[in-house]
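Heads up, the thing below is written out as C-alpha cells.
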Amino acid sequence: MNFSFPLPPFRLYNTISRKLEPIKPINPPHVTMYACGPTVYNLAHIGNFRTFLCVDLLRRALELFGYKVIHTMNYTDIDDKTIAASRAAGLSLVEYTQKYIDAFEQDMQTLHLLKPHFQPKATEHIEKMIEFIRQLIDKNHAYIGEDGSVYFRIASFPDYGKLSHLEKDKLKPGSHILADEYIKEHYGDFALWKAKKPEDGEVGWISPWEIGRPGWHIECSTMSICYLGNEIDIHCGGVDLIFPHHENEIAQSESVTGQNFVRHWFHVAHVLVEGEKMSKSLGNIYTIRDILERGFNERTLRYHLLTASHYRQTLNFTWQGMEASREAVKRIDQWLSRFQSLPKSQFQLQEYEEETRFLRCFVEALADDLNITEAIGHLFDWIRHTNRMMDKGEPLPPLQRSWQLVDTILGIGEFSVEIPPEIQTLLQMRAEARKNKNWATSDRIRQQLQEMGWIVQDTPEGQKAWKV
RNA sequence: GGCGGGGUAGCCAAGUGGUAAGGCCGGGCUCUGCAAAAGCCCUAUGCGUGGGUUCGAUUCCCACCCCCGCCUCCA
C-alpha cells in the first residue's frame with residue numbers, strides 16, 4: 001500500500017515493559033508472530049475469538065504498514081480436557097480433537113480471520129518437545145520427580161517472573177494445590193513431561209522417562225522456536241496466559257537457547273457477558289453459532305468484537321451492544337451502496353485533501369497501539385462528510401479506494417447482495433407498478449418482500465434491496 | 001496480602017494541561033405517494049469523591065470510595 005504521507009512508527013504496548021514501544025523486528029520487513037491458539041475440546045466462544053480477532057487486527061495493521069508477517073497459531077490438542085472429553089465421547093484423541101479443529105476453522109472463516117501461515121498441532125511435535133526437555137535436564141534446569149514426571153526448576157532461572165512481575169519467592173500455594181505437589185522442589189515448578197496416569201486411558205508417548213505426555217507450556221516454546229526461531233518479534237494471547245503460561249514459556253525457552261525469547265508481548269483483555277464472567281453455571285458462554293442463531297450476522301459480530309472497545313480493555317458483551325453495532329454496520333453498508341451506485345463520472349477528485357487527512361488519521365490511530373475505536377471515529381466522520389457531498393451532487397474522490405484500505409483492517413467485506421431471480425422478478429414488478437403510480441400494488445409487493453426477508457428502499461437511483 | 005486494569009452523557013466508547021471524538025438510542029426539520037435511507041440541528045458547564053499544583057485540570061500530584069482481572073494449566 002502506498003501512502004501520500006509518511007507512516008508513523010508503529011507503537012504497541014509491551015506487557016513485559018508495561019510501556020508503549022515501537023515495533024523493532026529482528027529481520028525487517030519480516031515480523032514473526034506466534035499466537036497461543038485454542039484447546040480443541042469444545043467450540044470456541046466469543047471470548048476466545050475476541051482474542052484471535054485482535055491478533056488478526058494486529059497482523060492486518062502490520063501488513064498495512066508494509067511488514068511481512070509470519071503468523072503461527074498452534075492447536076493444543078493434548079491436555080487434561082481433551083483427554084477427558086474424548087474418553088467421555090468414546091473417541092480417540094485425534095478423532096475427537098479433529099472435530100473441533102474443523103469447527104474452529106469454520107468459525108475462523110465465518111469471522112473473516114486471516115489464515116495463519118502455520119497451524120501446528122501439539123501432538124505432531126512430541127519428538128521435538130522430548131528433545132527440548134532433554135536439553136533442559138542436561139542443563140540442570142529440570143529434574144525427574146518421584147512420580148516419573150519431569151519438572152522445570154524455576155530456581156534455576158533468575159529472571160523467573162519478569163513478564164508477570166511476580167516474585168518467585170512470593171509465589172504461594174493456592175487452595176487448589178494438587179495432591180502431588182510435594183513431589184516438586186518448589187511449588188512454582190511446573191511439569192514439562194507428565195507421567196501416564198490411569199485417567200489418561202490410551203493416551204501416552206514413549207520417552208526417555210516414563211510413558212506419558214507433554215506438559216502444557218512446552219508445546220508453545222517448542223513450536224515457536226521450531227517455526228519462527230529462537231527469538232521472535234511478537235507473542236500473543238489472552239491476559240490470562242501471562243501467568244503462568246507465558247512466564248513458563250520464557251523460562252523454558254531462554255534456559256535452552258540462552259537467548260531472549262520474545263521481543264514484544266501482546267495480551268488481549270477478556271470478554272464479560274452482561275457484566276459477568278462467562279461460566280457454565282451462568283449459562284452465558286456464547287459460541288459464534290449461538291450469536292448467529294440470535295439473528296445477528298457474522299459481519300456485525302466481527303465488527304462488534306473488534307471495535308466495541310480497545311483490545312486492552314475488558315469488553316462487556318451485551319445484546320444492546322450488538323444492536324448498536326448492527327446499526328453501525330448498516331450505516332456503513334448504506335454509504336457503500338450509495339456511492340457504489342453512482343456513475344464513474346462523479347468521481348473526479350483524484351487529489352482531495354480531506355481524503356488524505358482521513359486516511360492519515362485512520363492509520364495514525366492504528367499505529368497508536370491499535371486504537372481501532374478512534375480509527376472508527378474517523379471513518380464515521382468521513383462517511384458523514386462524503387454523504388454531504390453526495391447530497392449536494394458534488395464531485396467525489398475515489399471512495400472505493402479509501403474504503404478498500406479501511407476494509408483491509410476491518411475485514412467486514414463489501415456490501416454486495418446476490419439477489420435471487422424470484423426476488424428480482426418481484427422488484428421488477430414493483431418498479432413497473434411504481435412507474436404507473438400504482439401505490440397499492442407497490443406497497444403490497446414491498447410487504448411481500450419483507451415477509452420473504454428482503455427490505456426494499458426507494459432512492460433517487462431507484463429501488464434498493466437487501467436481506468435482513 | 002502482592003501485581004495490574006478501570007470508573008467520561010440513557011447505553012457503548014476515544015481523548016487532551018486550555019476548556020469534552022465517534023457509534024447506538026431519543027427529539028426537531030428537510031426530502032418523500034407512504035415507508036426507509038440520507039443530510040442538517042439538538043442531546044455531559046460535565047469526565048467516581050475530596051484536597052493540592054497551575055493563569056487554567058477531566059487530563060499532573062496526594063488521599064479516599066467503588067468495580068474488575070491475575071497470583072499454577074482459563075483467550
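So that the names make sense, note that chain A is the first sequence line, chain B the second, and so on, each numbered from 1.
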Between [N] and [M], how many Å separate the two [atom1] atoms, rounded to a whole number?
| N | M | atom1 | answer |
| --- | --- | --- | --- |
| A38(B) | G4(B) | P | 46 Å |
| C42(B) | C60(B) | P | 30 Å |
| U45(B) | A21(B) | P | 14 Å |
| U58(B) | A9(B) | C1' | 14 Å |
| G26(B) | U19(B) | C1' | 27 Å |
| G28(B) | C64(B) | C1' | 44 Å |
| U72(B) | G2(B) | C1' | 16 Å |
| G56(B) | G52(B) | P | 12 Å |

Check ion pair Arg294(A)-Asp290(A) (N to O, under 4.0 angstrom):
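Here Arg294(A) does not pair with Asp290(A) in a salt bridge, since their nearest N and O are not under 4.0 Å apart.
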
Determine, for Lys99(A) against Asp102(A), whether the closest basic-nitrogen to carboxylate-oxygen distance falls under 4.0 angstrom.
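The answer is no: the pair does not qualify as a salt bridge.
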
Secondary-structure string, 5' to 3', Watson-Crick or G-U under 3.5 Å, | for another-strand partners, for RNA chain B
(((((((..(((.....[...))).(((((.......))))).....(((((..]....))))))))))))....

Kindly indicate whether the side chain of Asp458(A) and the base of C34(B) share any N or O donor-acceptor pair separated by less than 3.5 Å?
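Answer yes: a donor N or O sits under 3.5 Å from an acceptor.
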
Quick check: any donor-acceptor pair below 3.5 Å linking the side-chain of Arg331(A) to the base of A37(B)?
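Side chain to base: no pair below 3.5 Å.
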
Please tell me which of Glu327(A) and Asp391(A) maps to the more 5' nucleotide of RNA chain B, matching each residue to the nucleotide holding its nearest heavy atom.
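Between the two, 5'-proximity favours Glu327(A).
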
When the nearest nucleotide of RNA chain B is assigned to Arg446(A) and to Pro244(A) on a heavy-atom basis, which residue is associated with the more 5' position?
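Looking at RNA chain B, the more 5' nearest nucleotide goes with Arg446(A).
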
Residue list, ring-ring contact (aromatic ring centres under 6.0 Å, His included) with Trp205(A), at least two apart or on another chain
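Partners of Trp205(A) under the ring-ring contact (aromatic ring centres under 6.0 Å, His included) test: none.
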
So [X], base contact, sugar-phosphate only, or nothing? Heavy-atom distance under 4.0 Å.
| X | value |
| --- | --- |
| Met322(A) | nothing |
| Ser442(A) | base |
| Lys81(A) | sugar-phosphate |
| Lys330(A) | nothing |
| Asp381(A) | sugar-phosphate |

Among G39(B), G33(B), G2(B), the nucleotide that comes nearest once only the side chain of Arg384(A) is considered:
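In terms of side-chain proximity for Arg384(A), the closest of G39(B), G33(B), G2(B) is G39(B).
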
From the list C11(B), C73(B), A38(B), which nucleotide is the closest neighbour of the side chain of Gln320(A)?
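The closest nucleotide is C11(B).
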
Atom [atom1] of [X] to atom [atom2] of [N]: distance rounded to whole Å?
| X | N | atom1 | atom2 | value |
| --- | --- | --- | --- | --- |
| Phe339(A) | A37(B) | CZ | C1' | 16 Å |
| Arg213(A) | C73(B) | CZ | P | 13 Å |
| Leu43(A) | A75(B) | CG | C1' | 15 Å |
| Leu410(A) | G23(B) | CG | C1' | 13 Å |
| Phe358(A) | A21(B) | CZ | C1' | 14 Å |
| Ile242(A) | C71(B) | CD1 | P | 11 Å |
| Arg388(A) | A38(B) | CZ | P | 14 Å |
| Leu449(A) | A36(B) | CG | C1' | 14 Å |

Aromatic ring centroids of Tyr227(A) and His125(A) under 6.0 Å?
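They qualify: ring centres under 6.0 Å apart.
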
Given the side-chain rings of Phe52(A) and Phe104(A), with only the six-membered ring counted for Trp, is the space between their centroids under 6.0 Å?
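Distance test on ring centres: under 6.0 Å, yes.
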
Do the ring planes of [X] and [Y] sit parallel (below 30°), tilted (30 to 60°) or perpendicular (above 60°)?
| X | Y | result |
| --- | --- | --- |
| Phe243(A) | Tyr160(A) | perpendicular |
| Trp319(A) | Phe296(A) | parallel |
| Phe339(A) | Phe347(A) | perpendicular |
| Tyr352(A) | Trp382(A) | tilted |

Short side-chain N/O contact from [X] to OP1 or OP2 of [N], under 4.0 Å:
| X | N | answer |
| --- | --- | --- |
| Arg18(A) | G4(B) | yes |
| Arg434(A) | C34(B) | no |
| Asn387(A) | A38(B) | no |

Please determine if Lys121(A) forms a cation-pi arrangement with Tyr75(A), meaning its NZ or CZ atom is less than 6.0 Å from the six-membered ring centre and no more than 45° off the ring axis.
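No - Lys121(A) does not lie over the ring of Tyr75(A) by the 6.0 Å and 45° rule.
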
Can the positive tip of Arg312(A) be found less than 6.0 Å from the middle of the six-membered ring of Tyr13(A), inside 45° of the ring normal?
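Yes.
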
Below 3.5 Å is the cut-off: list the nitrogen or oxygen pairs between protein and nucleotides 12-16 of chain B, distance only.
{"from": "A14(B)", "atom 1": "OP1", "to": "His310(A)", "atom 2": "N", "distance (Å)": "3.2"}
{"from": "A14(B)", "atom 1": "O3'", "to": "Asn371(A)", "atom 2": "ND2", "distance (Å)": "3.1"}
{"from": "G15(B)", "atom 1": "OP1", "to": "Asn371(A)", "atom 2": "ND2", "distance (Å)": "3.0"}

Report the residue from His235(A), His245(A), His165(A) that forms a ring pair (Phe, Tyr, Trp, His ring centres under 6.0 Å) with Trp265(A).
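Considering His235(A), His245(A), His165(A), a ring pair (Phe, Tyr, Trp, His ring centres under 6.0 Å) with Trp265(A) is found only for His235(A).
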
So, do His270(A) and A75(B) meet the stacking rule of ring centres under 5.5 Å and planes under 30°?
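Stacked: centres under 5.5 Å apart, planes under 30°.
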
Answer yes or no for this row: Phe380(A) ring on G22(B) base, centroids under 5.5 Å, planes under 30°.
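So no, this residue does not stack on that base, at least one cut-off failing.
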
